[in-house]
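Values below: all heavy atoms of this structure, side chains included; hydrogens, waters and symmetry mates excluded.
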Amino acid sequence: MSARCASSAMEGVHYVLHAPQGDTYADLLFTMIERATKRPPVTYTTFQARDLGSDTAELFKTSVKEAYERFRPQALLVGASCTAELIQDDPGGLARALDLPIPVVPLELPAYQRKENWGAAETFYRLVRTLAGPDAPPPGSKRPARGPDDAPRCNVLGPTALGFRHRDDVHEVTGLLHRLGVTVNVVAPLGATPADIARLGEADFNVVLYPEIAYQAAQWLDRTFGQKSTKVVPIGVGATRDFIAEVAALAGIDPAPVLAGAPSRAPWYARSVDSTYLTGKRVFVFGDATHAIAAARIAADELGFEVVGLGTYSREFAREVRTAAAKYGVEPLITDDYLDVEAAIAAAHPELVLGTQMERHTAKRLGVPCAVISAPVHVQDFPARYAPQMGHEGANVLFDTFVHPLMMGLEEHLLTMFREDFEFHADAAPSHLGVAASRGEAPSVAADPAPVPAVSPTPVPGSVPSMAAAASAEAAVATDAAPIPSAAAAASPVPLRWAADAEKELHKIPFFVRGKARRNTERFAQDRGLSLITIETLYDAKAHFSR
């Protein structure tokens, strides 16, 4: 799939994939999820079980010849799916034996040992070496200086088909480079042709948007053509400003005019009084290294969140994630097992999760708000609208992405607070003027309103409601579901029961920490041999664990 993302992103490239029937699901991903208007440029051998008794190698060669004659590509990729790897037919050698008049790039992507990001990086690297290599200068040659009247030129490397917001990121970043006065030589692999790849060496430097995909190719271009590369990925307000300064240094230009005109609205809101609701929110971040590191920086430095977890499945960039995690004083999580991530999230008790599609499912099970910031993603993360992650507009998009789940949580609290208010409870008339108004009648000013059932203890005349009661009311959360016994209750030698008033009080605790409060209270009761948890037990446990 990683090779198909790279090949489908390009023009004039065709991929012949040795694969059994059933491994041809890529068409659905590109047409349904990415909403591509054409099917991906991939030909499958689609051998079946009965073909295994004959010559599958000859079947592959026939497919290669037919693909070349039908599509007439400028370059051909050949490889095997994870299932076809077991046959060991050597697609590269078979294709070279056909002596086609175009470059043939063999791909050996061990799907059982490597991940998608590595496969995409390896595919792009092999394409760059094969197509740009013939124009490489002799080793040790000095790069010619740019003319005094020539605008600086760069390549933009890394975006692919099915990449997370790559299409919009490219639009945002190329616009930013244009405002700086930098000419974009080639964007690759997205939208590039083999001829474009061949002229990568003409640029002065490279902009690496996605290191997981382009870092290996950028290193080769540096060794071969003497092209330096950017290290900063422009995700977030601070990183975008750092990126502008870095590009300006590589291009030898003044970044001040562009820095002065930064149009993002996120910094203004982060400084406003409304943003105080967000201060100190606990956030857990997981994804590919590039997006996870960037999201943690935005959360901590630009929104005032507390990062309580940071991790990645990109083992090749574990060092960078560990360095970032040290800044926030958290233990880095380097894993590709979603169950490990789920356990870490549950242990951290965050108020917001920023992760992949898998973390969205985990957060839903745990009852925690979540926003998707990284692949793997689903169709809803490929919006038809313009929604970049990078640059100034990307900072606005990310601000909404991070804040809206928390604001929706606040709305839930408000709905719960007022659910039994005389105007808003389930049996209330549609208008605050009473039942007569809802019937279209004139309200009677002499009529006394119907008595409203009390929903809280009546205060003593002259008394002031306690701050604790007010805070408890603000933290109320609507839940009519039957209580679910916790692990502590299930493992307890003494059967634990919750009194009705204690259960009601527990439901006033915000949903994202209610599970922890339940577990702590049950452990407190278990340690003291209590079988019935009363409201006093709940408060005693709270006092005990807050010491």
Side-chain angles (χ1 to χ4, degrees), residues 152 154-159 163-184 187 190 205-215 218 228-272 275 278 283 285 287-305 307 317 320 323-324 327 354 371 373-374 385-403:
C154 74
N155 300 313
V156 176
L157 306 180
F164 183 59
R165 310 289 173 85
H166 287 195
R167 174 200 63 193
D168 297 345
D169 285 348
V170 168
H171 185 275
E172 185 72 18
V173 171
T174 52
L176 187 59
L177 292 167
H178 176 73
R179 291 195 294 275
L180 279 166
V182 176
T183 300
V184 176
V187 175
L190 188 63
F205 62 95
N206 294 309
V207 170
V208 177
L209 290 190
Y210 310 100
E212 287 88 350
I213 296 168
Y215 179 70
K228 300 301 179 184
S229 298
T230 58
K231 303 294 188 296
V232 179
V233 179
I235 300 179
V237 175
T240 298
R241 296 181 66 86
D242 293 345
F243 173 79
I244 292 170
E246 184 182 31
V247 168
L250 290 171
I253 55 180
D254 181 14
V258 176
L259 288 173
S264 177
R265 292 181 293 276
W268 171 85
Y269 188 91
R271 293 192 300 267
S272 72
S275 70
L278 307 174
V283 60
V285 185
D288 67 41
T290 295
H291 288 89
I293 293 172
R297 177 180 176 178
I298 295 168
D301 298 348
E302 299 175 18
L303 297 178
F305 293 168
V307 177
F317 294 88
E320 288 81 356
T323 301
K327 289 171 50 181
L354 304 174
I373 59 155
S374 163
R385 70 185 185 281
Y386 183 62
Q389 300 282 284
M390 295 185 179
H392 298 304
E393 187 58 30
N396 292 332
V397 171
L398 284 171
F399 180 86
D400 290 342
T401 300
F402 291 15
V403 171

Exercise. So, Glu302 side chain and Val237 main chain: donor-acceptor pair closer than 3.5 Å or not?
Worked result: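 The answer is yes, because a donor-acceptor pair under 3.5 Å joins these two groups.
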Problem set entry | Test item: Asp288 side-chain N/O and Thr290 main-chain N/O as donor-acceptor pair under 3.5 Å |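 Looks like yes, one N/O pair under 3.5 Å.
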Problem set entry | Rounded distance [0.5 Å steps], CZ in Phe305 versus CD1 in Ile298 |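 If we round to the nearest 0.5 Å, Phe305:CZ and Ile298:CD1 are 10.5 Å apart.
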Kindly write out the residues that satisfy side chain to side chain contact (heavy atoms under 4.5 Å, CB included) with [X], not counting sequence neighbours, or none if the list is empty.
X	result
Asn396	Ser264, Arg265, Ala266, Glu393
Phe317	Pro211, Glu212, Tyr215, Ala289, Ser314, Glu320
Ala371	Leu354, Thr401, Pro405
Arg297	Ala239, Asp242, Asp301, Tyr328

Heavy-atom pair with the smallest gap, counting every atom of [X] and [Y]:
X	Y	result
Ala218	Ser229	CB-OG, 3.6 Å
Ala300	Val307	CB-CG2, 4.1 Å
Ile244	Pro255	CG2-CB, 3.8 Å
Pro159	Leu157	CD-C, 3.3 Å
Val207	Thr230	CA-OG1, 3.4 Å
Pro234	Val173	CG-CG2, 4.1 Å

Problem set entry | Residues which pass ring pair (Phe, Tyr, Trp, His ring centres under 6.0 Å) with Tyr210, listed by chain and number, not counting sequence neighbours |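 Once residues adjacent in sequence are excluded, the partners of Tyr210 under the ring pair (Phe, Tyr, Trp, His ring centres under 6.0 Å) criterion are His166.
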Do [X] and [Y] have side-chain heavy atoms sitting under 4.5 Å apart?
X	Y	answer
Gln389	Leu209	no
Phe402	Ile373	yes
Val182	Leu250	no
Ile235	Phe243	no
Arg165	Val397	yes
Val247	Cys154	no

For this session: Only pairs at least two apart or in different chains count here, so list each salt bridge (Lys or Arg N to Asp or Glu O under 4.0 Å) that has a residue in residues 166-181.
Result: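 Counting only pairs at least two positions apart or across chains, no salt bridge (Lys or Arg N to Asp or Glu O under 4.0 Å) contact touches residues 166-181.
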